[in-house]
K.L.:
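Dumping the structure here so I can ask a few things about it.
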Protein chains: 2
Amino acid sequence: MSRVKVVDELCTLSLPAALLGERWTLLLLRQAFLGTRRFEDFQSAMDISRSVLTERLATFVDEGILRRVPYKDSRTRYEYRLTEKGLDLYPVLMALRKWGDKWMAPADGTSFDLHHKDCGGDVDVKVECTACGEGLGARDVRVTRLR
Amino acid sequence: MSRVKVVDELCTLSLPAALLGERWTLLLLRQAFLGTRRFEDFQSAMDISRSVLTERLATFVDEGILRRVPYKDSRTRYEYRLTEKGLDLYPVLMALRKWGDKWMAPADGTSFDLHHKDCGGDVDVKVECTACGEGLGARDVRVTRLR
DNA sequence: CAGCTAGGGTTCGGAATCCGAACTTTGGGG
DNA sequence: CCCCAAAGTTCGGATTCCGAACCCTAGCTG
């Protein structure tokens, strides 16, 4: 239950890593970004058991990543929508996808395309230096341990 | 075992999401990027059981994300180092950290700093359009489903 | 040379999670 | 009145995880 005590060292990387590195959470997020909002749709799109889905959705809701919004398809039901905090995970998913395109392409390609709404261009993710603007890889960065 | 049959739809996002969305994998990766290389060091830094650590390291090795390199501290031992494929996951971790800084700051901040080796500047991640160069968020992108 | 130590594992029993299938709840339609 | 849909809940069995102990081997230590 305590997704948090899973790390010795609590930092702004280990905390999200512990949350999103729990089974199903990344896949749930992917599904949410693809537009899925309802319980039944998540359940059939991913192949997750209903009980675990209930629990993961609840976790996301109380982490403030999804929000439970009523909609009426005759009577009151709820759907799950990304909050601002959730939408802000976009770069993470884009980085994952970019990596996947390069290193895990499953032969028959991907199942969806992404394009900039305004100009139709492709989406890219990059890491860069805020000072000199140069593009950065793991080797260009120095880690300084604190504490 | 089959981290792969966990998704209905195999794409370049769901595949990495299934791999990295397994318990411990993201945290293991973080640790690797922080410079940890040896079994014992992983084991004591994270609070993972030895048997699961063995298994996760093996998975990463046969996914080609880590590579097992002999080193001699008197006799032959092995350490785990990021491969090119592994290092290429850097943007994913940076995106996670950026999100963590904004949304999950644990009050006492983070445990390490990152700076561009050459100029000392800060590291940033951004999603942008390859055509017009504009910065993109989730709302600026259109998803087109294929198949 | 007997014994200890370090590093990197393996083994194993019990605890925590997950799965799948069935069941529940509530309002609307036929 | 019966059935359906959507969103859960329950529960027994299967998996996975945990923690602690054990294994193996070369090199020190005395």
Side-chain angles (χ1 to χ4, degrees), chain A residues 1-8 14 17-29 31-32 35-63 66-82, chain B residues 1-8 14 17-29 31-32 35-63 66-82:
Chain A
M1 200 91 305
S2 68
R3 279 171 319 293
V4 151
K5 256 313 149 29
V6 104
V7 207
D8 62 324
S14 61
L19 175 63
L20 300 184
E22 196 172 11
R23 191 125 114 96
W24 295 115
T25 48
L26 277 175
L27 290 165
L28 188 53
L29 219 52
Q31 208 58 49
T36 303
R37 290 176 176 171
R38 302 187 184 178
F39 190 93
E40 301 292 321
D41 296 337
F42 281 112
Q43 210 271 317
S44 62
M46 305 156 58
D47 207 11
I48 187 176
S49 76
R50 306 174 71 79
S51 43
V52 176
L53 177 56
T54 300
E55 186 185 302
R56 292 294 183 275
L57 287 171
T59 304
F60 269 170
V61 168
D62 59 47
E63 288 292 339
L66 292 176
R67 130 185 79 102
R68 203 155 167 273
V69 207
Y71 73 93
K72 40 193 180 314
D73 173 25
S74 69
R75 86 193 154 135
T76 315
R77 288 284 152 68
Y78 293 91
E79 58 181 18
Y80 298 86
R81 286 158 173 271
L82 288 161
Chain B
M1 201 91 308
S2 70
R3 280 172 319 293
V4 151
K5 256 313 150 26
V6 102
V7 207
D8 62 324
S14 61
L19 175 63
L20 300 184
E22 196 172 8
R23 192 128 115 94
W24 296 115
T25 48
L26 277 174
L27 290 165
L28 188 51
L29 219 53
Q31 208 58 48
T36 303
R37 291 176 176 172
R38 301 187 184 178
F39 191 92
E40 300 291 321
D41 297 337
F42 281 113
Q43 209 272 315
S44 62
M46 305 156 59
D47 206 13
I48 187 176
S49 77
R50 304 172 73 78
S51 43
V52 176
L53 177 56
T54 301
E55 186 185 301
R56 292 294 184 275
L57 288 171
T59 304
F60 269 170
V61 168
D62 59 47
E63 288 291 337
L66 293 176
R67 132 185 78 103
R68 202 154 168 274
V69 209
Y71 74 94
K72 41 193 180 315
D73 173 23
S74 69
R75 87 196 151 129
T76 315
R77 289 284 150 69
Y78 292 91
E79 56 181 20
Y80 298 87
R81 287 159 171 270
L82 289 162

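Per chain, numbering begins at 1; letters A, B, ... match sequence-line order. Note that the coordinates shown come from a computational prediction; the quantities given were computed from them, not determined experimentally.
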K.L.:
Between Arg56(A) and Tyr80(B), which residue's closest nucleotide on DNA chain C lies nearer the 5′ terminus?
P.N.:
Tyr80(B)
K.L.:
Counting only side-chain N and O atoms of Arg23(B), is one of them less than 4.0 Å from OP1 or OP2 of dA16(C)?
P.N.:
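No, no such contact exists.
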K.L.:
Choose from dG20(C), dG9(C), dA7(D) the nucleotide whose nearest atom is closest to any side-chain atom of Ser51(A).
P.N.:
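Taking heavy atoms from C-beta onward, the closest nucleotide is dG20(C).
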K.L.:
Rounded to the nearest 0.5 Å, what separation is found between the CD atom of Glu79(A) and the CZ atom of Arg67(A)?
P.N.:
9.5 Å
K.L.:
Let me know the distance between CG of Leu53(A) and C1' of dA7(D), rounded to the nearest Å.
P.N.:
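Whole-Å distance recorded here is 10 Å.
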K.L.:
Roughly how many Å is it from CG in Asp47(A) to P in dC18(C), rounded to a whole number?
P.N.:
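Whole-Å distance recorded here is 15 Å.
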K.L.:
Does a side-chain heavy-atom distance below 4.5 Å link Leu20(A) with Leu20(B)?
P.N.:
no
K.L.:
Rounded to whole Å, please give me the gap between CD in Glu40(B) and P in dA6(C).
P.N.:
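So the CD-P distance, Glu40(B) to dA6(C), works out to 10 Å.
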K.L.:
Extract from the structure each pairing of a protein N or O with an N or O of nucleotides 21-25 of chain D at less than 3.5 Å, listing the distance.
P.N.:
{"unit_1": "dT25(D)", "atom_1": "O2", "unit_2": "Arg75(B)", "atom_2": "NH1", "d": "2.6"}
{"unit_1": "dT25(D)", "atom_1": "O2", "unit_2": "Arg75(B)", "atom_2": "NH2", "d": "2.6"}

K.L.:
How many Å lie between OH on Tyr71(B) and P on dA26(D), as a whole number?
P.N.:
15 Å
K.L.:
For the pair Gln43(B) (side chain) and Ile48(B) (backbone), establish whether a donor and an acceptor sit closer than 3.5 Å, ignoring hydrogens and angles.
P.N.:
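Checked: pair present.
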K.L.:
Report the distance from atom CD of Glu55(A) to atom C1' of dC18(C), rounded to the nearest whole Å.
P.N.:
9 Å
K.L.:
Nearest-nucleotide wise, let me know which of Ser49(B) and Tyr78(A) is further upstream toward the 5' end of DNA chain D.
P.N.:
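Upstream on the strand: Tyr78(A).
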K.L.:
Is the backbone N or O of Pro70(B) less than 3.5 Å from a side-chain atom of Thr76(B), with the two atoms forming a donor-acceptor pair by type?
P.N.:
no
K.L.:
Trp24(A) has a side chain; which of dC18(D), dC19(C), dG8(C) sits nearest to it?
P.N.:
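Minimum distance to the Trp24(A) side chain belongs to dC19(C).
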K.L.:
Could you work out which one of dG8(D), dC18(C), dC18(D) sits closest to the side chain of Val52(B)?
P.N.:
dC18(D)
K.L.:
For Glu79(B) and dG8(C), give me the distance from atom CD to atom P, rounded to whole Å.
P.N.:
8 Å
K.L.:
Roughly how far, to the nearest 0.5 Å, is the OH atom of Tyr78(A) from the CZ atom of Arg38(A)?
P.N.:
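If we round to the nearest 0.5 Å, Arg38(A):CZ and Tyr78(A):OH are 14.0 Å apart.
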K.L.:
Give a yes/no verdict on a cation-pi contact between Arg81(A) and Tyr71(A), requiring under 6.0 Å between NZ or CZ and the six-membered ring centre and an angle within 45° of the axis.
P.N.:
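So Arg81(A) doesn't make the cation-pi contact.
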K.L.:
Would you kindly give the CE-to-C1' distance between Met46(B) and dC18(D), to the nearest whole Å?
P.N.:
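So the two atoms are 14 Å apart, to the nearest Å.
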K.L.:
Using a 3.5 Å distance criterion without hydrogens, assess whether the side chain of Arg56(B) forms a donor-acceptor pair with backbone atoms of Arg23(B).
P.N.:
yes
K.L.:
How many Å lie between CG on Leu27(A) and C1' on dC18(C), as a whole number?
P.N.:
15 Å
